[in-house]
Structures are given as C-alpha cells and as structure tokens.
Protein chains: 4
Amino acid sequence: MRANTHILEVRKFPQQIRSQRRVEKILAAAIEVFREVGFETATTNEISARAEVSIGSLYQFYPNKSAILNALGARCLTDLRALLDQALSEDSLEIPFEALLDRVFSALHMFSIQNDGLFAAIAKSPTLGEFISAEQQFIDEIIRRLEFNLEHRTPNLEPKKRHIMAKTCVICAHALFETRQSEHHGALMLEAKTIIMAYLEPVLQNR
Amino acid sequence: MRANTHILEVRKFPQQIRSQRRVEKILAAAIEVFREVGFETATTNEISARAEVSIGSLYQFYPNKSAILNALGARCLTDLRALLDQALSEDSLEIPFEALLDRVFSALHMFSIQNDGLFAAIAKSPTLGEFISAEQQFIDEIIRRLEFNLEHRTPNLEPKKRHIMAKTCVICAHALFETRQSEHHGALMLEAKTIIMAYLEPVLQNR
Amino acid sequence: MRANTHILEVRKFPQQIRSQRRVEKILAAAIEVFREVGFETATTNEISARAEVSIGSLYQFYPNKSAILNALGARCLTDLRALLDQALSEDSLEIPFEALLDRVFSALHMFSIQNDGLFAAIAKSPTLGEFISAEQQFIDEIIRRLEFNLEHRTPNLEPKKRHIMAKTCVICAHALFETRQSEHHGALMLEAKTIIMAYLEPVLQNR
Amino acid sequence: MRANTHILEVRKFPQQIRSQRRVEKILAAAIEVFREVGFETATTNEISARAEVSIGSLYQFYPNKSAILNALGARCLTDLRALLDQALSEDSLEIPFEALLDRVFSALHMFSIQNDGLFAAIAKSPTLGEFISAEQQFIDEIIRRLEFNLEHRTPNLEPKKRHIMAKTCVICAHALFETRQSEHHGALMLEAKTIIMAYLEPVLQNR
DNA sequence: AATGAATGAGAATTCATTCAT
DNA sequence: AATGAATGAATTCTCATTCAT
C-alpha cells in the first residue's frame, strides 16, 4: 500500500486522477438523482451513495448541494458553447440562413441528447438563482449570437425589433426542444426550423 | 345549527363567509409563497402565517401541502376554461383566423395577468404529478381546440401533420407568454401572433 | 477503511464500539421512558435526550419509534429463549416435574428481574401488532415446550386437553409473575409453582 | 321551539333525558373507539363523530379524554359490584365452595361478555393512574371478598397466607378470563374453576 | 484526503381543547 | 346548551452539514 509511493515523481498524478474520477462519479450520480426526483427532493446522501463516495468526500468537492447543481450547469454551458462555436464558425455569415439553422439545430440536438433531461430538471429547481441564470445565460448567449448573425441578413430592421425577433426565435426553439417527455418530440424539433424560417423569411434579405 | 339564520339578513352564513375568506387568504398566501420560493421550499407554516391563519386551520381546509397546490391548479384551470369558452364561442369557425388569434391571445393575456406567475411557479414544482398534469391538461386542451378549429381551415392537411402544427403553435405561444420575468414580455407576447400566422399562413385555406 | 487496524491493538473498531454503546444507551433510555409513560406517550426526543444522543442518531439506528420497541422485544425474546434452553436441557424429561418447574421458574424469575417491568410496559402498548405478537410468541413458545414435556408425563391425556392445560398453566404463571408493582410479588411467584402442581398432579404419571 | 316550554313543570325532564342519551351515545362511541385503537390513539373528535355529537358537547360532559375513560371505568366497577353483590348474597358462606365459584364465575362471565374487550383495552392504557386503579380496585375488591369468604372455610390458615392464596386465585382467574382474543377462550375460562379448586382443596375445611 | 457517524434545526402534520356564535 | 371552526403546542422524522477519527 505504501510500497510504491516513492518510486516515481509522476506518482503525484494518481491522486489528481482519482479525484477527477471521484468528481465525475459525483456529478454523474447527481445528474441521475436530480433527474429522478428534482433538485429540492434530491439528497446529498443519496448522491454520494450512488457515486459510491462518502458524503464527506462529496462535501470536500462541493460545499453544498447547490454547488453541485452549479457545477453541472457550468459544465452544460461550457459544452454548449463549444458546440455552438463549432457550428457558428467563420462562414456562418455567408451560408444560407436555412443551412445555418440546420447546423445550429443539429448542434443543439446533440447537446440535448447528451444532457438529456438534465436541463429540464435543473430548470425546475426553484430558488436557484445561480443556475437558473446559467440557463438564462445560455439562452441569452444564443440570442446574442443569432442577433449578431441577423444584423447582416436583416439590415433594414430596427435593432430593437431585431432583438425581439431573435429572442422570439430562441424562445420558441427552446420550448420545442424541451418536449422530451411528450409524444412527437422529434417532429416538434423539426418544426422549430419551419416555424422560424416562416417567421424570419419576410425580413431576411436573401432567402 | 343554521336556526335563526333568517332573522337578520345581515351576516348571512357567517361561518361560510368567514371560511370562504379564510380559504381565500390561505390560497393567496400560498400563491405568494410558492412564487417566492417554489413549492418544495415553501412551508405550510409560512403560508399559514402569511394568511394570518393558524396552521391548524390550514390543515382543516387542505390535508397537506400538495392539496393547496392542487386547489390552486384546479382553480387556474377552471378560470382558463371559462375564458377560452368565451373566446371560442359559436362564430369561432367563421371569423378570420387572425381575429381568432386576437381573441384567444387576449383571453390568455388576461389569464396570464390574473394568475401572474403562479403557473410558472407551479410548473417548476418537481414531482408534482397531479398538478403538472393540470398544466399539461390545460395545454392539451388548447391544442385540441386549435386542432379542431384548424380542421375546417386546413382541409388538405394530413391529420397527423395538423396535430403537430397545432402543438407547435401552442408550445411556442405558451413559451412566449411565460416570459414574465424577462424584458420585452409584452412585445414577445405580441410576436406570438406574428410567428403563428407566419407559420400557418401557407396551410390556411383563406387567410 | 479498516486498513491499519492491526497496527495497534488498542482502540479496536472504535466506531463499532461507540456505536454499540450508543445503541445500548438508546435502548436503556427507551426502556426507562417506556416504563414510565408507556409506548404511545413516550417521545423519541425524550428517549434521545435521556440517552444523551442526538435525535438524528436515534433515527440512524432505528427508523421509527416502533422499531425501538421491536428491538427491545426481540432482545427480550432472545434472552428468554437462551434462558429456557438452558433450563430445559437434555434431562428435562426425566427429572421430577416439580424440579422442572423449579428450574423454569427460576429462569423466568431471573428474566423477570433482568427485564424488570419492560415486558409489562410493552404489553400495555396498544396497536403494536408486531411486538404484542412477540410477547405472544414468547408465551406460545413456553406453552409449546410445556406441552411437549407433558406428552411424556401425561400419556393418557387427550392432546387437546393437554394443550389447554398447558396453556392454563402458562397463563396463570405469567399473570402471577407480572405482579411486579403489587405487594407480595415474591410470594405470588412462589404460589405459581403450588397452583400449577395442584392443577397438574391429578394427571401426572409419577409425581 | 320555545312554545311549549312553560306548559308543564315536567318539561324540565326532556333536556335531562336528551342529555342522558347524549352521554350514553358518547360513552358507547368511546367504548367502540377505545376498543378499536386503544385509549392513546383514540381521538375525541372521532368519538364525538361516532356519537353524532359535536365535539363541544362532548367537552361539556367530560372535561378531557381521560374523564371519558374514567366514566367508563367507574361504570364498569358499578356494574361489577352489582353482579358480585347478587352472586355473593347471604348464603355465600354456607354453600359448597365449588357452587360459590360457579356463581361468581358465571357473574364474571356475564360481566365479561357485557364489557367485552373494554377492560382489556382500558388495561392497556398507559399512564392512566386513575383508571388503572379502577381496575385494580376491582380486582382488590374481589380479592377482599374472596378472602373474607375463605376466613370461614380455612380457619387454620394464617391470615397472610390466606390473603396470598386469595390473591393468587383472583389473579389467575382474571388472566384466564382475559384471553378473549385467543383460541379456546371458553375452555380456559372453565379451567379457572378447576385450577382454583385444585389449589384450594388442600386448605378447605369441608369440600 | 477520506470516511461516515453525529448533529440538530426545521418541516409536516395531528389533535386536545377553547370559544365565538 | 350546542356547535364546530380555530388554535397551536407537541410530535415524528428528514437531511444538509460538520468533524473526530
């Protein structure tokens, strides 16, 4: 047990790697539990038990229950940003808007599958200012990006009107994507593109 | 028990009127508290305190915390149905679709003002099968009514497609209406009509 | 977790020993409280306070108040069985019946002293199916053992009659033993032997 | 309602008769409830509901829950005394002891049927000093009467010994009578006589 | 760092009892 | 006298968090 400790300097890593794994396990367990019973009803004991980690360890990494949710939220946000960055690379201003939507929606779809239900679960958490705002941050970010992209495509539009239209698009798309539990989830996600195209078409310069 | 009740017109059924008021106070307090902290975090003690009613009285009317939420939900639903019935009276199949939307949205707007935030607060309550489904019931009902109305206006549409389109409209409208806390709430609600009209125009028979 | 346990002999499984003690304290306190006010009236807070243990700890060991009573009951039953096993060893069929009674009664007396009053207190607990049946189990067990022993000593007796006589003996003895609070408790316990001998003498083969 | 009030002086009675009935209903309901769930678990609300009497009325007659039990206890005691008085009339010192036992047991049997289960239910009520002592009073009274009767039948016995023997008899008989829920209840009650006769025979002067 | 036993504030709910009507 | 709505102290039990080991 203590035998190999001094052999290699690299030996410092394992701890960190273990910690890393621990954290992963905790977060994974937390997602599970939050999904099943919601944030308020979830207990840190249950999370630590599922993570096969002692409750003490859990608190070593996260000072309280909310912190776990925040970590999860932050992580979601990071993931999402990466996906968006990829989808909205250089040419995003040139390609037809419909193609852009395709890209973005496919990115969001992927995100939604990866984070299946977590977002919804989190969104239901009352009094979670911090993370609620993470979700809001996320939505706001998409709105901002869309708005920016539309600047070039709808030069005649008043900025305020453009903002509102962008917001409208994102809110609707978000709502249609968040129908996971409902029938026709797939079809509804597809409709997102249709309804947005129909909505924006009149103001889009070309296409 | 109720003897002598007719002697004085004043003070009709004092018990009942008082009880009525009590219940009102409890429900009003519950709305307040649910709004502020969400259902799970809300405490019956806090509710009874705000209602200036003893905790025992609260439990005389509602056997547990969920019952209060259910009462609130049921009440919302009733209100909403009445509003919709009014908005969708006899001529709702003949008038232009846009006019119909105006009516419905103004009804929903009124509802949304009356029940400001409650719905959203309730919707956030995790694991509240009963009332969550009340909200769902409400949405489903609007979808059904819209679908029915669209039958006459979009005779060429496949039923399934029509269903999905109706659902899409309602989901989007709902999402746009539920932005109370955000800036531009009013404008977003107005956009609901625009986006739905743009979306449905291609399939609407006349107008 | 248990690593290094062998390094020092001292401090063996501290957790377990402490826990053990805690449980003991809780049970002891519970006995005290149950005795004083009865099961229903006893409160878990009072028990934990007397045990000088936090209420949370109490619930860590026993999920609810009844569980404490059950633990107490189970323990009694175990104790009693051990005592009986000892008293009714191999030769119990050969020795004179009176000698057998002496043995059994002295075992029961010891038990009664050890568990002073607990049994009575428990027996008074209404609606405690589980433990009431533990007491019943205990009585039934003694009846069974006595019946079995009498088979050899009263071969002419109808089985049903034998069963009833055994039951009669045990019920009477039990009642006489459960007079702890009354004057002459000791004398009454002694009478148990007399009355049973008088009752059985006519049907006993030899002696 | 107020109309006939002044017609006859006798008119005062009805109130009393009604009250009487009310009290009867309350007591009857209380017996039912106590039997079903025991004293502690019984609620005054349940009792008043079953008695079809308002909770306020109940408290008009009995200042608290215990008072109801006490009333029930007192009543039992009265009933019992009457029965005993009848069974132990003048000639009770002359008739053979066995005949006496027959009389007493048949009286007790009747009592036990009339009060089926109430006694047992009451006996289980913890912390009911007052009524527990009613039961004790009852037992003590029987002991005293038996002791007195035995004075003439066992002149050679030491008084203390006689007291203990009387006590033994009563305790055993009581225990055998209180087996209502058990199989063989009838047979066990019959054994009471047998065991007591066997026990006392050696010291009884004649017979 | 890890463990998990221990803590205790706090929540839901009940029910004996009061008192305005 | 009767009624039953109202009261709120008291009880059971939970769970986030701490801390000795």
Side-chain angles (χ1 to χ4, degrees), chain A residues 15-16 18-19 22 40-49 53-68, chain B residues 1-5 11 13-16 18-19 22 40-49 52-67, chain C residues 1-4 11 13-16 18-19 22-23 40-49 52-67, chain D residues 15-16 18-19 22 40-49 53-68:
Chain A
Q15 244 95 333
Q16 293 182 34
R18 269 210 209 153
S19 280
R22 245 144 211 283
E40 306 272 345
T41 308
T43 72
T44 49
N45 281 303
E46 174 67 17
I47 293 172
S48 74
V53 150
S54 75
I55 182 68
S57 287
L58 185 152
Y59 274 89
Q60 201 113 41
F61 294 117
Y62 300 104
N64 53 48
K65 195 163 67 147
S66 304
I68 304 176
Chain B
M1 236 162 237
R2 198 185 287 179
N4 297 349
T5 298
R11 182 147 63 70
F13 305 129
Q15 280 94 345
Q16 295 185 34
R18 273 221 201 153
S19 282
R22 239 141 216 281
E40 307 268 347
T41 307
T43 73
T44 49
N45 280 307
E46 174 67 17
I47 293 172
S48 74
E52 289 174 300
V53 149
S54 77
I55 184 67
S57 285
L58 185 153
Y59 276 90
Q60 199 127 37
F61 295 117
Y62 300 103
N64 52 50
K65 199 166 61 151
S66 304
Chain C
M1 235 160 235
R2 196 185 289 180
N4 297 349
R11 182 148 60 73
F13 305 128
Q15 281 93 345
Q16 295 186 33
R18 273 219 202 154
S19 282
R22 240 141 215 282
V23 170
E40 307 268 345
T41 308
T43 73
T44 49
N45 279 308
E46 175 66 18
I47 293 172
S48 73
E52 289 174 300
V53 149
S54 76
I55 183 67
S57 285
L58 185 152
Y59 276 91
Q60 199 126 39
F61 294 117
Y62 300 103
N64 51 51
K65 199 166 61 151
S66 304
Chain D
Q15 243 95 335
Q16 294 183 31
R18 269 209 209 152
S19 281
R22 245 146 211 282
E40 306 273 343
T41 308
T43 72
T44 49
N45 281 303
E46 174 67 17
I47 293 172
S48 75
V53 150
S54 75
I55 182 68
S57 286
L58 185 152
Y59 275 89
Q60 201 115 39
F61 296 117
Y62 299 105
N64 53 50
K65 196 162 68 147
S66 304
I68 304 176

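By convention in this document, chain letters (A, B, ...) are assigned in the order of the sequence lines, proteins followed by strands, and residues within each chain are numbered from 1.
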Quiz prompt | Shortest side-chain distance from A:Q60, nucleotide among E:dT14, F:dT14, E:dA1 | solution = E:dA1
Self-check item: Minimal non-hydrogen separation, A:K65 against A:E40, with atom names
Solution: NZ-O, 3.1 Å
Self-check item: Nearest non-hydrogen partners of C:S57 and C:R22, listed with the distance
Solution: OG-NH1, 3.1 Å
Exercise. Just compare F:dT12, E:dA16, F:dA16 and give me whichever is closest to any side-chain atom of A:K65.
Key: F:dA16
Exercise. For A:A42, report the nucleic acid contact type (base, sugar-phosphate, nothing); a contact means any heavy atom under 4.0 Å.
Key: sugar-phosphate
Quiz prompt | Separation of E:dT13 C1' from B:N45 CG (nearest whole Å) | solution = 10 Å
Self-check item: Length of the line joining A:N64:CG and F:dC15:C1', which is rounded to integer Å
Solution: 14 Å
Exercise. Please tell me which of A:F61 and C:R22 maps to the more 5' nucleotide of DNA chain E, matching each residue to the nucleotide holding its nearest heavy atom.
Key: A:F61
Quiz item: OP1 or OP2 of F:dG8 less than 4.0 angstrom from a side-chain nitrogen or oxygen of B:S54, does that happen here?
Solution: no
Quiz prompt | E:dT21 pairs with, by Watson-Crick or G-U criteria that keep both distances under 3.5 Å | solution = F:dA2
Quiz item: Taking it one step at a time, do A:S19 and A:F61 satisfy side-chain contact (heavy atoms from CB on, under 4.5 Å)?
Solution: CA-CA 9 Å; A:S19 280; A:F61 294 117; 4.1 Å; yes
Practice problem: Specify the separation, in whole Å, of atom CD of D:E40 and atom P of F:dT11. | Solution: 12 Å
Quiz item: C:S57 side chain: which of E:dT7, E:dC15, E:dA5 is closest?
Solution: E:dT7
Quiz item: When the nearest nucleotide of DNA chain F is assigned to B:L58 and to C:T44 on a heavy-atom basis, which residue is associated with the more 5' position?
Solution: B:L58
Quiz prompt | Along DNA chain E (nearest heavy atom to each residue), the more 5'-positioned of B:E46 and C:G56 | solution = C:G56
Exercise. In whole angstrom, give the distance that lies between atom CD of B:E52 and atom P of F:dT7.
Key: 11 Å
Quiz item: For C:N64 and C:Y59, which heavy atoms make the closest approach, and how far apart are they?
Solution: CA-CE2, 3.9 Å
Exercise. Can you figure out which of F:dT11, F:dG8, E:dA12 approaches the side chain of C:T43 most closely?
Key: F:dT11
Exercise. State, to 0.1 Å, how close C:L58 and C:T44 come at their nearest heavy-atom pair, and which atoms those are.
Key: CD1-O, 3.7 Å
Exercise. Mind calculating the distance between CD1 (A:I55) and C1' (F:dA16) to the nearest angstrom?
Key: 8 Å
Quiz item: With respect to the side chain of C:S19, which nucleotide from F:dA16, E:dA11, E:dA5 is positioned closest?
Solution: E:dA5
Self-check item: Atom pair distance, as rounded to whole Å: CD1 in C:I47 and P in E:dG8
Solution: 18 Å
